[in-house]
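Before any comments, here is the structure.
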Amino acid sequence: MQKVFGYPRSLTPKRTHYCPGCTHGIIHRLIAEAIDDLGIQEQTVGIAPVGCAVLAYEYFDVDFQEAAHGRAPAVATGIKRVHPEAIVFSYQGDGDLASIGTAEIIHAAARGENITVIFINNTVYGMTGGQMAPTTLPGQKTTTSPYGRDITKVGYPIRVCEMLATLDGPAYIERVSVHDPKHIIKAGRAIRKAFEMQIAGKGFSLVEVLSTCPTNWGLTPVKALERLKEEMIPYYPLGVFRSTEEVAKE
Amino acid sequence: MERVMMKGNEALAEGAIRAGCRFFFGYPITPQNEIPEYMARRMPEVNGVFIQAESEVSAINMVYGAGGAGGRALTSSSSPGISLKQEGISYLAGAQVPCVIVNVARGGPGLGGLTPSQSDYFQATKGGGHGDYHLIVYAPGTGQEMVDLIGLAFDKAEEYRNPVMILTDAIMGQMMEPVILPPIREVTTEKPWATTGKKGRAKPNLINSLGIIGEDLARINIELQEKYRKIETNEIRYEADGTGDADLIVVAYGTTSRVARSAINMLRAEGKKVGLLRPITLWPFPKQILADLAAQGKRFLVVEMSVGQLVEDVILAVNDRAKVDFFGKLNGTVPTVREVYNTINALLQKGGA
């Protein structure tokens with residue numbers, strides 16, 4: 001019998017600490033599958049963020065560095081410059097990347113740093129208990145926007161892909177979602193593509209993955225997936241925002 | 001060996017290159033700009049990496065990545081920039097990442113000024129960032145020591161897997177002196193812990209300072225403290241000049257040790273028994289020699305370009321066994337030889353009481 005489906009080699013057998021219904025586990029698996037498919041497990045170095053995925057290094061069977069909050073792109077830069085042949089990726093949430101780490105992500109992208117960033121957007125600070133994130137939607141209730149995000153007082157959510165796509169440095173930027181199997185497969189392809197860009201030395205690649213946080217949203221896992229589809233995607237449209245390959249075609 | 005005339009900052013930068021440093025991450029701030037400018041020119045010549053980071057915060061985190069990946073990584077800055085780096089320095093200490101950080105200090109607090117100062121002594125020697133940790137801190141007293149200590153700093157950083165700081169100031173950085181440059185060294189340190197990609201290793205390597213599971217944090221701290229005790233036992237460096245027969249010993253490092261030495265030479269020419277104790281490592285601090293000299297009945301004068309920071313360590317080391325006086329100049333002003341000469345003379349005339 002031919003084996004058609006198995007546990008990714010690049011994941012450890014550890015059980016994750018993520019809440020029931022959280023999509024981090026799916027995204028971890030997609031990354032591990034891409035690493036396996038591309039045969040880069042032995043040369044990959046990951047950077048874990050501060051946030052729910054702070055223990056990501058427990059779940060990937062690759063070398064890892066744990067970064068300070070928001071600093072992963074700078075840490076990734078240091079690793080990549082020492083080992084240009086290594087495949088370096090950071091895994092960052094929306095508080096980490098789009099709030100405290102804005103300088104690091106913008107300048108890593110502007111430099112065209114040949115790294116891959118997996119950016120998890122679930123519109124909330126998960127680990128610290130559901131505070132407002134830079135990606136929290138207008139009107140969304142969180143522990144620090146208990147009356148709903150009031151755009152007249154705290155401004156608007158940040159669309160990271162659109163913002164970074166204005167720069168000349170990035171080689172590949174795509175936003176994907178994991179709310180159903182069809183989109184999960186698409187997300188997997190985008191992540192793989194991002195790694196391929198790095199392997200080919202094209203420069204900075206980022207995949208934003210729209211994700212759920214049932215615990216802090218106060219929704220069941222199924223309702224959370226529905227919210228992602230119905231509320232998040234209209235604000236954060238899916239698609240490729242920049243690809244140097246397509247630019248070359250124009 | 002070449003003998004050349006160089007600014008302190010450039011001597012330090014070339015010293016780092018000769019010691020095998022190939023990764024520099026910096027950000028402009030006066031009075032250390034000669035270091036990144038020199039590195040921007042020099043690194044491409046030796047196949048090294050120079051990055052002007054978007055901030056001091058990013059620069060120190062690039063050092064974290066590069067040092068954790070096994071590279072000899074350096075960053076330099078001046079006081080306000082070093083404050084920005086403290087988060088990263090705490091993580092470097094916690095994750096035991098070897099690297100070297102240079103502080104060409106200027107006066108503070110806040111934006112302060114551009115003139116030389118020694119008011120970052122506490123920040124350098126007592127931690128600086130959050131948590132129980134120490135850097136090894138070297139204080140060069142000459143252009144030659146800028147070269148020699150930066151080389152030693154990289155070796156000790158890797159030997160102990162600990163960040164090392166060079167604490168100097170605007171005068172030492174800007175002043176030109178003849179220095180002898182060693183040949184470029186090949187670095188062959190084994191770093192089995194570095195994140196290189198697994199490359200066939202059974203277990204992945206991890207650079208990390210998180211200790212939230214069980215007794216992890218206690219274990220990390222016990223390990224760090226054991227390392228610090230070892231460093232205190234093995235790595236103390238100081239220069240004792242004429243301390244044997246001295247009645248009064250001046251304690252000073254870096255720029256002020258040079259001013260003090262000139263004053264001491266004048267006084268000794270007059271037959272007065274004055275010596276100099278110059279800490280070269282500010283941490284670990286040369287406590288024992290100070291305690292021993294105190295037990296021999298010496299008295300001390302601490303000369304600093306601050307309102308008194310080093311003096312606290314001297315008082316602790318002497319532990320009430322001897323009198324410790326202080327002469328400090330506030331940020332932005334440098335003590336003159338005459339001022340130090342007069343201060344010592346006045347103390348000698350007052351007697352030991």
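Letters A, B, ... are given to chains in the order of the sequence lines, protein chains preceding strands, and every chain is numbered from 1. Since the model is a prediction, treat every value here as computed from it, not as a measurement.
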Contacting moiety of A/L55, where chain B heavy atoms sit under 4.5 Å: side chain

Cross-interface N/O pairs, chain B with chain A, donor-acceptor, under 3.5 angstrom:
unit_1, atom_1, unit_2, atom_2, d
B/E54, OE1, A/R111, NH1, 3.0
B/S58, OG, A/E104, OE2, 3.3
B/Y64, OH, A/E66, O, 2.6
B/G65, O, A/Q65, NE2, 3.2
B/A69, O, A/H83, NE2, 2.7
B/E87, OE1, A/R71, NE, 3.1
B/T195, OG1, A/Q65, NE2, 2.9
B/T196, N, A/D63, OD2, 3.1
B/G197, N, A/D63, OD2, 3.1
B/K198, N, A/E42, O, 3.0
B/K198, NZ, A/D61, OD1, 3.1
B/K198, NZ, A/D61, OD2, 3.1
B/K199, N, A/E42, O, 2.8
B/K199, N, A/E42, OE1, 3.4
B/G200, N, A/E42, OE1, 2.4
B/R201, NH1, A/D63, OD1, 2.8
B/R201, NH1, A/D63, OD2, 3.4
B/R201, NH2, A/D63, OD2, 2.8
B/N205, N, A/D63, OD1, 2.7
B/N205, O, A/F64, N, 2.9
B/I207, N, A/F64, O, 3.0
B/I207, O, A/E66, N, 2.7
B/N208, ND2, A/Y57, OH, 3.1

Mind checking what makes side chain to side chain donor-acceptor pair (under 3.5 Å) contact with B/S79, not counting sequence neighbours? B/D120

Go through the atoms of A/V62 and report whether side chain, backbone, both or neither lie under 4.5 Å from a heavy atom of chain B. backbone

Heavy-atom count around B/K126 NZ within 6.0 Å, excluding the residue itself: above 12? yes

Whatever's closer than 4.5 Å to a heavy atom in chain A on B/I51 counts as side chain

Counting only non-hydrogen atoms closer than 4.5 Å, does A/A110 touch chain B with its backbone (N, CA, C, O), its side chain (CB onward), both, or neither? neither

If I measure from the heavy atoms of chain A, does B/A59 come under 4.5 Å with its side chain, its backbone, both, or neither? neither

